[in-house]
Amino acid sequence: MIKTVNRVLLGLAGLVLVVVGGAVLATGLGLSVPSWWPWDGTDDVLLSKGDRTKWRDEGWWWPAVIAALAVLVVLALWWLLAQLRRGRLAEVLVDSGDGEGAVLRGRALESALGDEAGTLDGVSDAKVTLTGRRTAPRARVRLMMEPHAAPGLALRGLSEGALTHARTSAGLEELPAEVRLKAVKHRAERVS
């Protein structure tokens, strides 16, 4: 989701900057601009003194400005924190029964899941990424399928084998997984 938000925000900011900058540049160079454009000469200013002081005496002006700026600051902080958040889960909290719990490295669980999924019939390689919270992890699994592989059997083997073993060994109630299957590129076989 954050990739989509980044692309939309960057696209909108770029579009606004290009349109406004191009229009101001065209006006400054003395090129013809549409009649509705507020600045039409090379000596015009963007905001006149009257425009800058127009709303100052109104009672709603300063609370509206402060509220708008507060919303912008909150959105900017949310965006910054979303950028800093890790995509991968660093650790998984395991209930050890003593009330304190234990910590399992996320990379270790990813490696174990990937190794076991890679041994399935018809799977040439498996990549696993853990996401979510440390108390409720989620797995993203990418299986590279060989040409002779049956996807249904591979999925069943993954869910009944590797995912079940990982869930029970980590003491998790559930381990939801998103599985993507991709075929290994191979040359066409000749029929003689």
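Owing to the predicted nature of the structure, the values given are computational and were not obtained by experimental measurement.
Linking ILVMFWY residues whenever their side-chain heavy atoms come closer than 4.5 Å, directly or via other members, places V65 and W60 in the same cluster. Cluster annotation: V128 and L181 are assigned to the same hydrophobic cluster (Ile/Leu/Val/Met/Phe/Trp/Tyr, side-chain heavy-atom contacts under 4.5 Å, transitive). Residues L93 and L172 do not share a hydrophobic cluster, defined by chaining ILVMFWY side chains whose heavy atoms lie under 4.5 Å apart.
Although no hydrogens or angles enter the test, the distance criterion places no donor-acceptor pair under 3.5 Å between the side chain of T131 and the main chain of A139. Using a distance-only test at 3.5 Å, with no hydrogens or angles considered, a donor-acceptor pair links the side chain of S124 to the main chain of M144. With hydrogens and angles disregarded, no donor-acceptor distance shorter than 3.5 Å links the side chain of S111 to the backbone of R107.
The pair R134-E91 meets the salt-bridge criterion, with a side-chain N (NZ, NE, NH1 or NH2) lying under 4.0 Å from an Asp/Glu carboxylate O. Electrostatic pairing of E173 and R167 does not count as a salt bridge here, judged by no charged N lying under 4.0 Å from a carboxylate O.
In this structure the side chain of H148 reaches within 4.5 angstrom of the side chain of D121, judged on heavy atoms. Between M145 and K182, the closest side-chain pair of non-hydrogen atoms is not below 4.5 Å. With a 4.5 Å cut-off on side-chain heavy atoms, L89 and V92 count as touching.
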Trace of the side-chain contact (heavy atoms from CB on, under 4.5 Å) decision for L120 with L158: CA-CA 8 Å; L120 295 171; L158 178 69; 4.0 Å; yes
R105 vs E110, salt bridge (charged side-chain N to carboxylate O under 4.0 Å, His left out): CA-CA, chis, key distance, verdict: CA-CA 9 Å; R105 286 186 43 228; E110 288 174 355; over 6 Å; no
